Peer 1: 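Let me begin by handing over the structure; questions about it come next.
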Amino acid sequence: MLVKTYGAAVQGIDAIVVTIEVSVEIGATFNLVGLADVAVKESYQRVRAAMRQSGYEFPRRAVLVNMSPADVRKEGAAYDLPISVAILAAAEVMPAGNLDRYMIMGELSLDGSVLPIRGVLPMAIKARELGYRGIIVPAANAREAAVVNNLDVYGVETLTQAVGFINGTEPIAPTVVNTREEFCRAVSCFDFDFSEVKGQENVKRAFEVACAGGHNILLVGAPGSGKSMMAKRLPSILPPLTLQEALETTKIHSVAGKLRKGSMLMTTRPFRSPHHTISPVALVGGGSNPMPGEISLAHNGVLFLDEFPEFPRAVLEVMRQPLEDRVISVSRAKYSIDYPAGFMLVASMNPCPCGYYNHPTKHCTCMPGQVSRYLSRISGPLMDRIDLQVEIMPVPFEELSAMGVGERSDAIRERVVKARAVQTLRFNAECHVHCNAQMNSRLLAEYAVLDNECMEQLRYAMKRFDMSARAYDRILKVARTVADLDYGCRPDMSLDKAVAAPILTHHLKEAISYRNLDRSSWGATSVPF
């Protein structure tokens with residue numbers, strides 16, 4: 001007898017349907033075909049033991065399992081449950097009439113229990129897209145799949161329960177999740193808050209500007225000055241995820257197996273902080289079984305690279321293209337996959353190998369030339385993609401012990417959201433531009449026009465601090481963001497007026513102050529301009 005069940009395979013962050021055909025004939029063999037990897041082929045042992053423990057007899061006949069389409073590689077143990085159900089139906093242990101209504105996925109334990117799997121969310125999206133009545137998944141993944149509306153999600157804990165549900169002898173209530181209500185309830189919950197940071201008001205302001213315009217930022221400071229502490233609080237002042245962004249982000253983490261057990265949608269922007277020993281493949285994604293890398297896991301959030309110069313040059317250089325295109329294409333001999341990569345880069349570094357160059361109280365022990373060589377570990381093209389470069393000074397003990405509670409993250413976030421609202425209206429007609437950091441030369445010429453006074457101020461600063469030519473566009477972008485923060489928070493100014501409001505001198509001066517590493521006198525005492 002021939003029976004078909006339906007599962008799914010994940011390609012990139014999307015799913016395609018896999019038809020599992022089982023034929024039980026006269027004989028005594030078991031064959032599994034359809035470009036399955038080792039984990040799928042090992043399902044025979046798991047399925048046989050799970051059936052026995054669940055009270056079913058594995059057919060003592062020839063069993064042929066075909067997984068279609070045959071040119072798509074099937075990976076992992078998630079096909080155990082649909083294979084088991086198809087074998088039982090083909091052996092006439094259970095009826096096969098309802099199998100075409102459901103997509104079925106799940107890994108089996110030897111005792112017949114159903115274990116959680118990766119990539120359930122894109123599978124559920126595909127099931128709804130193709131008109132399946134419902135999807136049967138492990139109970140641990142039911143809430144994740146229930147995020148998809150207009151699809152019945154049935155979570156099962158054992159093979160016996162799955163068979164009973166399909167037979168109609170063991171009813172299971174579909175898992176229901178009020179996606180919008182739960183998303184809105186958890187969207188502003190954070191573990192860290194900027195009110196816990198004492199001092200460093202200039203750095204907090206730089207973070208505010210970076211979040212308001214989507215700018216990449218580099219922090220330079222001595223050990224213990226608070227670089228990592230403040231970076232971890234960055235998601236708390238970024239604009240809240242929209243429901244669409246949350247769905248896209250959750251899909252990536254679902255495919256990578258990074259979602260917590262029983263979790264639903266990701267409600268806060270991701271914060272990824274890989275160690276500097278990471279490989280290029282782990283950063284961009286890929287591998288023999290393609291998986292999203294840290295760049296894609298930071299999509300719609302923050303990628304924090306601590307000890308920036310300690311990362312291998314090959315690792316850092318692979319970020320150049322994703323930073324511009326916001327997507328990364330992983331091409332290998334057997335596959336080509338596109339992963340989203342719309343992240344905000346936050347990097348931190350010591351100013352020199354010993355860490356105390358330009359420190360107010362400690363002496364730098366580096367030899368002449370070591371500071372510039374240390375900085376040169378980061379290539380010019382990569383540095384060109386970092387809009388804000390901020391030097392951090394340690395907070396003296398007297399000030400640290402005397403200061404009270406700082407400004408809360410939600411207050412900073414409110415200003416950031418208002419500035420983003422201005423940019424959303426400004427770039428409403430642009431397909432791939434959402435914030436000031438993504439402006440090209442045409443948009444800069446339209447929205448970052450300087451009057452004569454500002455142009456003279458910029459010319460003086462460029463010459464006075466001997467800034468590189470690459471700093472010019474970056475200063476204009478950041479100045480536009482500073483202006484948006486200013487105008488967007490004014491109660492007497494509408495969004496329409498804020499979109500076309502001019503960049504003023506004090507906006508430009510603040511933007512120039514965020515280009516520390518472009519100055520030939522970097523590390524010396526700042527000279528007023």
Side-chain angles (χ1 to χ4, degrees), residues 188 190-222 224-241 268-273 298 300-308 323 342-349 351 383 385-395 400 403 405-423 434-438 474-475 477-486 488-489 507 509-517:
S188 297
F190 300 99
D191 296 328
F192 304 104
D193 194 278
F194 266 100
S195 62
E196 301 160 352
V197 179
K198 297 186 177 182
Q200 304 290 13
E201 298 302 325
N202 62 322
V203 184
K204 293 180 186 178
R205 172 63 178 179
F207 273 136
E208 181 180 338
V209 172
C211 293
H215 302 286
N216 302 318
I217 182 171
L218 172 64
L219 308 175
V220 185
S225 56
K227 303 186 293 295
S228 300
M229 177 187 181
M230 286 185 283
K232 289 178 181 178
R233 286 153 176 76
L234 198 59
S236 67
I237 64 172
L238 281 167
L241 281 169
T268 58
R269 294 187 181 272
F271 180 87
R272 305 297 300 182
S273 179
N300 290 325
V302 175
L303 178 65
F304 177 53
L305 301 183
D306 200 5
E307 304 298 341
F308 200 36
L323 283 170
F343 63 95
M344 177 179 168
L345 175 63
V346 179
S348 69
M349 59 178 286
M383 190 69 77
R385 289 161 171 79
I386 300 176
D387 296 343
L388 285 82
Q389 305 159 359
V390 182
E391 189 173 8
I392 303 179
M393 291 295 177
V395 179
L400 191 64
M403 290 179 181
V405 178
E407 187 177 24
R408 292 184 55 84
S409 290
D410 51 4
I412 304 174
R413 190 187 212 185
E414 184 178 353
R415 296 193 295 269
V416 169
V417 170
K418 290 179 179 178
R420 283 290 183 102
V422 175
Q423 295 165 54
H434 308 285
C435 54
N436 290 335
Q438 300 168 12
R474 306 293 164 182
I475 290 174
K477 292 179 181 181
V478 175
R480 181 69 268 173
T481 299
V482 175
D484 290 343
L485 277 168
D486 184 7
C489 295
H507 302 145
K509 285 184 176 182
E510 183 175 349
I512 293 172
S513 70
Y514 297 134
R515 298 300 301 184
N516 290 46
L517 301 188

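All residue numbers refer to positions in the sequence shown, counting from 1. Any value given below was found using the heavy atoms of this structure, including those in side chains, with hydrogens, waters and symmetry copies removed. Fair warning: this is a prediction, and the values are worked out from it, not measured in the lab.
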Peer 1: If you look at every heavy atom in His215 and Ala437, which pair is closest and at what distance?
Peer 2: ND1-CB, 3.6 Å
Peer 1: Closest approach of Arg269 and Pro235, non-hydrogen atoms and distance?
Peer 2: O-CB, 4.0 Å
Peer 1: Taking all non-hydrogen atoms of both residues into account, name the closest pair between Arg233 and Asp193 and its distance.
Peer 2: NE-O, 3.0 Å
Peer 1: Using only atom types and a distance under 3.5 Å, with no angle test, would you say the side chain of Arg515 pairs donor to acceptor with the backbone of Val390?
Peer 2: no
Peer 1: Find the distance between OG (Ser273) and CG (Leu305) and round it off to the nearest 0.5 Å.
Peer 2: 7.5 Å
Peer 1: For Leu219, does its backbone N or O pair with a side-chain atom of Ser348 as donor and acceptor, under 3.5 Å?
Peer 2: no
Peer 1: Can you check whether Ala222's main-chain N or O pairs, donor with acceptor, with Lys227's side chain at less than 3.5 Å?
Peer 2: yes
Peer 1: Arg420 side chain to Cys211 main-chain N or O, any donor-acceptor pair under 3.5 Å?
Peer 2: yes
Peer 1: Within the structure provided, determine whether Phe194 and Arg413 are in side-chain contact (heavy-atom separation under 4.5 Å).
Peer 2: no
Peer 1: Would you mind reporting whether Gln423 and Arg480 have side-chain heavy atoms less than 4.5 Å apart?
Peer 2: no
Peer 1: So among Val416, Val346, Leu388, which one has a side-chain contact (heavy atoms from CB on, under 4.5 Å) with Phe207?
Peer 2: Val346
Peer 1: Give the C-alpha distance, both sets of side-chain angles, the deciding distance and a yes or no for side-chain contact (heavy atoms from CB on, under 4.5 Å) between Met230 and Gln200.
Peer 2: CA-CA 9 Å; Met230 286 185 283; Gln200 304 290 13; 3.9 Å; yes
Peer 1: Any chance you could measure Phe271, atom CZ, to Phe190, atom CZ, to the nearest 0.5 Å?
Peer 2: 13.0 Å
Peer 1: If you take all heavy atoms of Gly221 and Pro351, which pair is closest and at what distance?
Peer 2: O-CD, 3.4 Å
Peer 1: Salt bridge (charged side-chain N to carboxylate O under 4.0 Å, His left out) for Glu208 and Arg415? Distances and angles first, verdict last.
Peer 2: CA-CA 8 Å; Glu208 181 180 338; Arg415 296 193 295 269; 2.8 Å; yes
Peer 1: State the NZ-OG distance between Lys204 and Ser195, to the nearest 0.5 angstrom.
Peer 2: 8.0 Å
Peer 1: Any side-chain heavy-atom pair from Met383 and Leu218 closer than 4.5 angstrom?
Peer 2: yes
Peer 1: To the nearest 0.5 Å, what is the distance between CD1 (Ile412) and CZ (Arg205)?
Peer 2: 10.0 Å
Peer 1: Sub-3.5 Å donor-acceptor pair from the side chain of Asn216 to the main-chain atoms of Arg385, do we have one?
Peer 2: yes
Peer 1: Ignoring hydrogens, what is the shortest heavy-atom contact between Ser228 and Asp306? Give both atom names and the distance.
Peer 2: OG-OD2, 2.9 Å
Peer 1: If the test is side-chain contact (heavy atoms from CB on, under 4.5 Å), which one of Ile217, Asp484, Thr481 qualifies with Val209?
Peer 2: Thr481
Peer 1: Side-chain contact test, heavy atoms from C-beta onward, threshold under 4.5 Å: evaluate it for Leu323 versus Phe343 and give yes or no.
Peer 2: yes
Peer 1: Check Lys198 against Val395 and note the closest heavy-atom contact, atom names and distance.
Peer 2: O-CG2, 3.9 Å
Peer 1: Between Gln438 and Gly214 (side chain of the first, backbone of the second, donor and acceptor by atom type, cut-off under 3.5 Å), is there such a pair?
Peer 2: no
